[in-house]
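Structure record follows, encoded as structure tokens.
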Number of protein chains: 4
Amino acid sequence: MNTPNQDRRSQRARQAILDAALEICREKGLGKASMEEIARRAGVGKQTIYRWWPSKAAVVQEAINEAAGDVTDFPDTGDVRADLRTQMTAVVTLLANPRFTPFTSLIGVAQDDPEAARAFLEGIVEPRVQACRERLRRAQEQGQLRTDADLDDVVELLYAPLYYRALLRNRPVAPEQVDEVLKLAFAGLAPVASQ
Amino acid sequence: MNTPNQDRRSQRARQAILDAALEICREKGLGKASMEEIARRAGVGKQTIYRWWPSKAAVVQEAINEAAGDVTDFPDTGDVRADLRTQMTAVVTLLANPRFTPFTSLIGVAQDDPEAARAFLEGIVEPRVQACRERLRRAQEQGQLRTDADLDDVVELLYAPLYYRALLRNRPVAPEQVDEVLKLAFAGLAPVASQ
Amino acid sequence: MNTPNQDRRSQRARQAILDAALEICREKGLGKASMEEIARRAGVGKQTIYRWWPSKAAVVQEAINEAAGDVTDFPDTGDVRADLRTQMTAVVTLLANPRFTPFTSLIGVAQDDPEAARAFLEGIVEPRVQACRERLRRAQEQGQLRTDADLDDVVELLYAPLYYRALLRNRPVAPEQVDEVLKLAFAGLAPVASQ
Amino acid sequence: MNTPNQDRRSQRARQAILDAALEICREKGLGKASMEEIARRAGVGKQTIYRWWPSKAAVVQEAINEAAGDVTDFPDTGDVRADLRTQMTAVVTLLANPRFTPFTSLIGVAQDDPEAARAFLEGIVEPRVQACRERLRRAQEQGQLRTDADLDDVVELLYAPLYYRALLRNRPVAPEQVDEVLKLAFAGLAPVASQ
DNA sequence: AAGTAACCGAGACGGTACGTCGTGTCTTCAC
DNA sequence: GTGAAGACACGACGTACCGTCTCGGTTACTT
């Protein structure tokens, strides 16, 4: 991620660090994880972590990103609402997966660490938003979405409720939410004429 | 907040602690604040903090809550959309206020600290959601809102985008967002017939 | 030794630290001792050491000084040569005692650490030299020592050879050396007339 | 100093290492010097140092020895006291020379490192003591020195005070000391008859 | 002239210790 | 018994070096 000679980097150490980081996060959460323990558990010198990552948040973000896979491609079956359902369900599934609790923790540390915020935004959020926005644009062209809607606003309207539950913990994160959100968002809150 | 004899409690100390906590959060963020420094700056023994609060998050939440004022009452002019606009604008204004950055930080620590999460939910979120839900119920009765919409889902749909921006920092938190959200949410994303 | 409130100081911790320090020095030498291990072995936080001593050398010097007892008083039987023999033998015995190996180690670190050098000189050497010089002065008055000899030079002439062996390790430190030194130093190296 | 093929050894690297070692010692003392920095400053890989020397003390001893020149020959003008004066003054001059501060540092590390002690004794001390002893033997034959004096004891009596001052730092190392020591040592401490 | 074996520079690696900061508990003294 | 003060055991921080270990690259000997 940073400066030294990438060629000589030990892949063994890198993988052990990412694995240890995720494991510890799963056990006690990112907040109570420590560089010290990651190093200990990975059988690695602390310096080896600091050489390649600036903070534990950066380590965990890389680990999470790797674990999540390269899912930046957005489905396109021709039916935007179905595609959104697919993709949003994937997001909910991830947010609900205990293996991915560090995901929301990363958003947590970002609140007090601008660098972590930037990294999360650039590394995680923006690529996915970009893909979604692109899909929505095509939907507009195909007459499946209002054309007077700002696409960034649409993305926020659809995805924010999913994150909201994960972050605020007001209600459990569950796939049913996707249908609720899509129903409300597409139909609108205004009362129906016949009502 | 806890057990010892409330009557003999020093109001001077309590206020100094809350003030110091907010001040430090403003300077360096909740993450880098420490009990040590709060005590030092408040001119108070550490024990005095630990006696009355379980963690720095609890201190800060109390401070924030006090600073926010008891605004749990929701406006009701008869026009729900206007009332939502008023209330949501107030939320955005608070989220954008540098004095209230610890607000999102509290959501941050909640990701790794179930007790903080519970306290935030009970102490901050739920009373306000409750008031909003009540207002929306009246709107349904008055035919200003679809009756087939779950009110909790509606609250999430409207407010989540505001929190989303504050927490993800993808775009600046600004009052214009309120109008965008209301427009989209009430009209719905589906293309208009004439389009 | 330094600044914080001496009254509240834990005597338990102080003694445990001094004991642990000496024990470790005996096992592996001052050079390979570490603050970390002293703390660990004393069952004490590192901070507690750093609060009261500036370096491991300072800890060990205090421990050594305490172990050596307050032997700053010089014997005075009326026979200066006998008194020197007594006192110098005590020095040799100490230098030869495995319990006191840190003593020469302290002189060792002083070579690279002016503060340690100053502390050793003031805390250990000077009080003893002072006592010796005083005894020699009385000897001069009683006609047992040349009056044209600078007393500091005399002290050095007598004691330096003892330290020399301990520090250079050229020959084992042994009490016989005392008699050799006294014989040579008092009689002088010049050939005897009758020779 | 050790095993690999001496023929293929890079003289450039060797000299750069010795130079860098002395330079760093002069700047911050042997204690705060590090292999890391010697290598860096010499423009040399760490391995290249470890290949030829077992420790930084060994490097510095070799550097010092080289800088001191091969002065193992003892002057012999026929007047032993004059010759001692010459030689001892040379020692004092060296001890007082800032370029040679690592000299006493080497004695310092020897206190905790038997291997360094052995190397220093064999490589530095013994050859010089041997030369001195030889000169003293001739002096005895010529009736310039008591014949009942053990020569090793004599060497120690004369030279120890010089080292004493350098190591204990009680008084500044200065050439005048040589005359004081010779005067006292040759004349003896016993009071003169006429006094 | 090609092959090969060594030393060389560089620097990543698993470690240990550094000296500092913050934690939450504790004890002491003043009010 | 509350409150200011702060010492305490503990654990983590991020950095500096340790000594070992590959990596090319460059000689300088072999064949």
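Chain naming here is simple, since letters A, B, ... match the order of the sequence lines and numbering starts at 1 in each.
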A cation-pi test, strictly: NZ or CZ of D:R9 under 6.0 Å from the centre of the six-membered ring of D:W53 and no more than 45 degrees from its axis. Yes or no? yes

Does a side chain donor of either A:Q111 or B:S105 reach within less than 3.5 Å of an acceptor in the other side chain? no

Presence of donor-acceptor pair under 3.5 Å, side chain of A:K46 and base of E:dG15: no

Looking across every strand, which nucleic acid part, if any, lies under 4.0 Å from D:R14 by heavy atom: base, sugar-phosphate, or nothing? nothing

Round to a whole Å and report the spacing from CD of A:Q47 to P of F:dT20. 19 Å

If you assign A:E36 and A:A42 each to the DNA chain E nucleotide with the nearest heavy atom, which residue ends up on the more 5' nucleotide? A:A42

Between D:I17 (CD1) and E:dC7 (P), how many Å, whole number? 13 Å

For the side chain of C:W52, counting heavy atoms from C-beta on, which of E:dA12, F:dC8, E:dA17 is nearest? F:dC8

Heavy-atom side-chain proximity of D:F120 to D:Q61 below 4.5 angstrom: yes

Just how far, in rounded Å, is P of F:dG6 from CD of C:Q6? 14 Å

Provide, to the nearest angstrom, the distance between the CG atom belonging to D:L30 and the P atom belonging to F:dC17. 14 Å

May I ask you to verify whether the side chain of D:R8 and the base of F:dT27 hold a donor-acceptor pair under 3.5 Å? yes

Any idea which of E:dC8, F:dG3, E:dT23 is nearest the B:R9 side chain? F:dG3

Phosphate contact (F:dA12 OP1 or OP2) by A:R40 side-chain N/O below 4.0 Å: yes

Electrostatic pair A:R40:A:E36 at N-O distance under 4.0 angstrom: no

To the nearest angstrom, how far is B:I49 atom CD1 from F:dA5 atom C1'? 13 Å

With a 4.5 Å heavy-atom cut-off, do C:R14 and C:E62 have their side chains touching? yes

Taking any heavy-atom pair under 4.0 Å as a contact, classify D:E37: base, sugar-phosphate, or nothing. nothing

If you pin D:S55 and C:G43 to their nearest nucleotides in DNA chain F, which one's is more 5'? C:G43

Report the residue (D:K32 or B:R12) whose heavy-atom-nearest nucleotide on DNA chain F is the more 5′ of the two. B:R12

Would you say the side chain of D:Q6 lies within less than 4.5 Å of the side chain of D:W52, judging by non-hydrogen atoms? yes

Counting only side-chain N and O atoms of A:R51, is one of them less than 4.0 Å from OP1 or OP2 of F:dA16? no

Sugar-phosphate, base or nothing in reach of A:D7, heavy atoms under 4.0 Å: nothing

Both C:S34 and D:S10 contact DNA chain E. Taking the nearest nucleotide for each, which residue is further toward the 5' end? D:S10

With the side chain of C:Y50 defined as its heavy atoms from C-beta on, choose the nearest nucleotide among F:dC21, E:dG9, E:dT20. E:dT20

Could you tell me how far apart A:N5 (CG) and E:dG9 (C1') are, to the nearest whole angstrom? 13 Å

Given atom CD1 of D:I38 and atom P of F:dG19, what is their separation to the nearest angstrom? 11 Å

Where the side chain of D:T48 is concerned, which of E:dC18, E:dT27, E:dG9 is the nearest nucleotide? E:dG9

To the nearest Å, give me how far apart CD (C:Q15) and P (F:dA7) are. 20 Å

